[in-house]
Amino acid sequence: MFRALAHHNYRLWAGADLVSVTGSWMQVLGLNWVVLAQTGSATAVGLSVMTSALPAVVLAPWAGALADRIDPRRVIVAGHVGHAALAVVLALVVATDAPVAVLYPLTVLSGLISVFEGPALGRFGAMVVPREHLGNAVSLGSLINSTGRVLGMSLAGVLAATVGSPALFLVNAASFSAVLLAIALMRPVELHPLAVSAPDRAGIRAGLGYLSRRRTLLTLLALGFVLSGLGRNYQVTMAAMAEGPLGAGSSGYGVLSAVFAVGTVLGGLIAARMRELTLPLLFGAAVISCCLQALSGFSTSLIGFAVMILPIAVGAVLIDTITSTRLQLDSDEDMRGRVMAAQNMVAAAAGAVGAPLLGWLCEQLSPGMALLTAGSVTLAATLLALSATRRRSRAAVVADHPPLVSTAA
């Protein structure tokens with residue numbers, strides 16, 4: 001389960017990632033709750049998510065091309081310094097009770113930094129372990145993210161209640177130093193450099209051409225858009241359910257967030273134990289998660305909804321981990337930055353579209369009907385992707401083993 005931790009550089013990377021992710025989730029919870037408390041609107045929370053995602057929709061191809069050409073450590077260091085500065089500014093804005101409109105430009109700036117940092121983080125994460133341990137490293141990364149989410153949500157609740165919401169942003173600002181220290185302490189001779197793009201394979205056009213010829217990668221990206229847009233934005237639907245039909249308020253939202261985080265930890269453990277992360281496992285997890293999402297809309301109690309949320313979170317981590325692993329292992333090294341940038345762009349577009357759409361559905365239909373509708377759409381998309389993948393597999397078998405044609409008269 002923990003074989004990637006045998007490598008010194010990965011141990012440093014994993015430890016720093018845990019600290020940074022914990023701080024990031026503290027800020028996510030703080031920002032979402034500040035927006036919801038000031039506006040009382042799930043749509044406003046969705047808009048906050050959308051503004052942070054917009055830069056990735058526009059600039060991800062350039063970020064991927066950059067990551068495939070230069071040392072990713074330079075991008076990571078610059079990005080973490082920028083994130084820390086923005087977190088300090090957010091703390092000041094929240095402390096002075098500035099209107100919500102002031103937060104939106106700051107979330108756009110944060111998204112702008114993240115769009116260039118994302119592919120660089122992915123490429124560097126693949127450099128700290130050998131190829132045969134990359135799948136395990138991705139799985140452990142999901143586990144680390146989930147553990148950081150649990151810690152972040154728990155600490156956020158305590159700090160917000162005792163010293164106030166601005167402290168959440170200040171802790172996040174300090175957490176970025178862990179990654180900078182880890183990079184400084186790594187052993188360069190134990191890194192596993194990835195191939196960089198040759199001039200004839202560099203740039204956005206070459207990356208788009210490469211993706212257009214890889215149908216399986218395109219299917220994963222398309223399915224990821226639907227599942228992320230309508231099946232992952234639980235920060236919107238959980239808040240709406242807690243405030244609406246469940247009548248649980250902010251404490252209920254905190255409980256649901258903690259349950260979801262525990263589910264993501266379990267999902268990370270399951271993924272890390274698996275020797276292979278395959279497409280059939282991805283589709284199976286997606287079908288179950290979509291069905292549970294649709295059924296969760298009928299919940300009338302906090303406990304009942306939490307029972308549904310737990311396996312949904314497990315499935316979400318499995319889906320994301322398998323998708324990330326397959327996109328990396330099934331793509332060429334010198335194209336990996338652009339493939340991961342495409343994944344980030346799809347995730348950002350899904351957030352930009354899905355978060356406000358789910359918020360609008362919650363207000364126009366009801367939170368329960370929004371979950372039922374979203375679960376039905378994501379299930380249909382999963383079945384279509386499964387059918388397309390099976391057709392390509394059968395076609396590949398026929399191409400490799402064409403049927404014998406009789407020449408008898």
Side-chain angles (χ1 to χ4, degrees), residues 1 4 122 125-126 131-146 211 214-234 260 263-295 308-331 336 339-351 354 374-397:
M1 183 184 295
R131 179 180 174 85
E132 62 268 21
H133 288 166
L134 179 58
N136 183 247
V138 173
S139 299
L140 290 178
S142 297
L143 178 60
I144 288 169
N145 185 71
S146 302
L211 270 176
R214 305 298 294 268
R215 297 298 179 85
T216 299
L217 298 183
L218 288 176
T219 299
L220 288 174
L221 292 172
L223 179 61
F225 174 79
V226 179
L227 293 180
S228 295
L230 295 177
R232 294 290 187 284
N233 284 299
Y234 266 83
F260 193 91
T264 60
V265 171
L266 294 176
L269 288 170
I270 293 171
R273 283 194 61 85
M274 293 181 174
R275 303 298 300 182
E276 279 193 88
L277 298 172
T278 63
L279 291 180
L281 177 61
L282 166 65
F283 291 126
V287 167
I288 294 173
S289 297
C290 295
C291 291
L292 289 174
Q293 180 181 5
L295 292 174
M308 291 285 191
I309 285 290
L310 186 67
I312 288 173
V314 172
V317 170
L318 285 175
I319 293 166
D320 291 343
T321 302
I322 297 169
T323 299
S324 295
T325 301
R326 297 276 35 111
L327 286 173
Q328 292 192 58
L329 291 179
D330 297 343
S331 60
R336 193 168 294 172
V339 171
M340 298 186 70
Q343 183 186 17
N344 293 339
M345 182 172 64
V346 165
S376 301
V377 172
T378 52
L379 177 60
T382 300
L383 296 177
L384 284 174
L386 173 60
S387 176
T389 302
R390 285 181 171 176
R391 285 198 302 270
R392 280 195 297 274
S393 297
R394 287 194 294 266
V397 170

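Sequence positions, counted from 1, serve as the residue numbers for this chain.
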Side-chain donor/acceptor of Arg326 to backbone N/O of Thr216, under 3.5 Å: no
How far does [atom1] of [X] sit from [atom2] of [Y], to the nearest 0.5 angstrom?
X      : Y      : atom1 : atom2 : answer
Met274 : Thr321 : CE    : OG1   : 10.0 Å
Phe225 : Leu230 : CZ    : CG    : 8.0 Å
Leu220 : Asp330 : CG    : CG    : 8.0 Å
Leu329 : Ser324 : CG    : OG    : 10.5 Å
Leu295 : Cys290 : CG    : SG    : 11.5 Å

Search all heavy atoms of [X] against all heavy atoms of [Y] and return the closest pair with its distance.
X      : Y      : value
Cys291 : Leu379 : SG-CD2, 4.0 Å
Gln328 : Ala126 : OE1-CB, 4.1 Å
Ala381 : Val226 : CB-CG1, 3.6 Å
Ala316 : Ser289 : N-OG, 4.2 Å
Arg336 : Leu134 : NH1-CD2, 3.9 Å
Phe283 : Thr382 : O-CG2, 4.0 Å

Is there side-chain contact between [X] and [Y], with heavy atoms separated by less than 4.5 Å?
X      : Y      : value
Leu143 : Val265 : yes
Leu282 : Leu318 : no
Ser331 : Arg214 : no
Leu221 : Leu327 : yes

Could you tell me whether Glu276 atom CD has more than 12 heavy atoms of other residues or ligands within 6.0 Å of it? no
Taking atom types as modelled, find out whether Ser387 and Arg391 have a side-chain donor-acceptor pair closer than 3.5 angstrom. yes
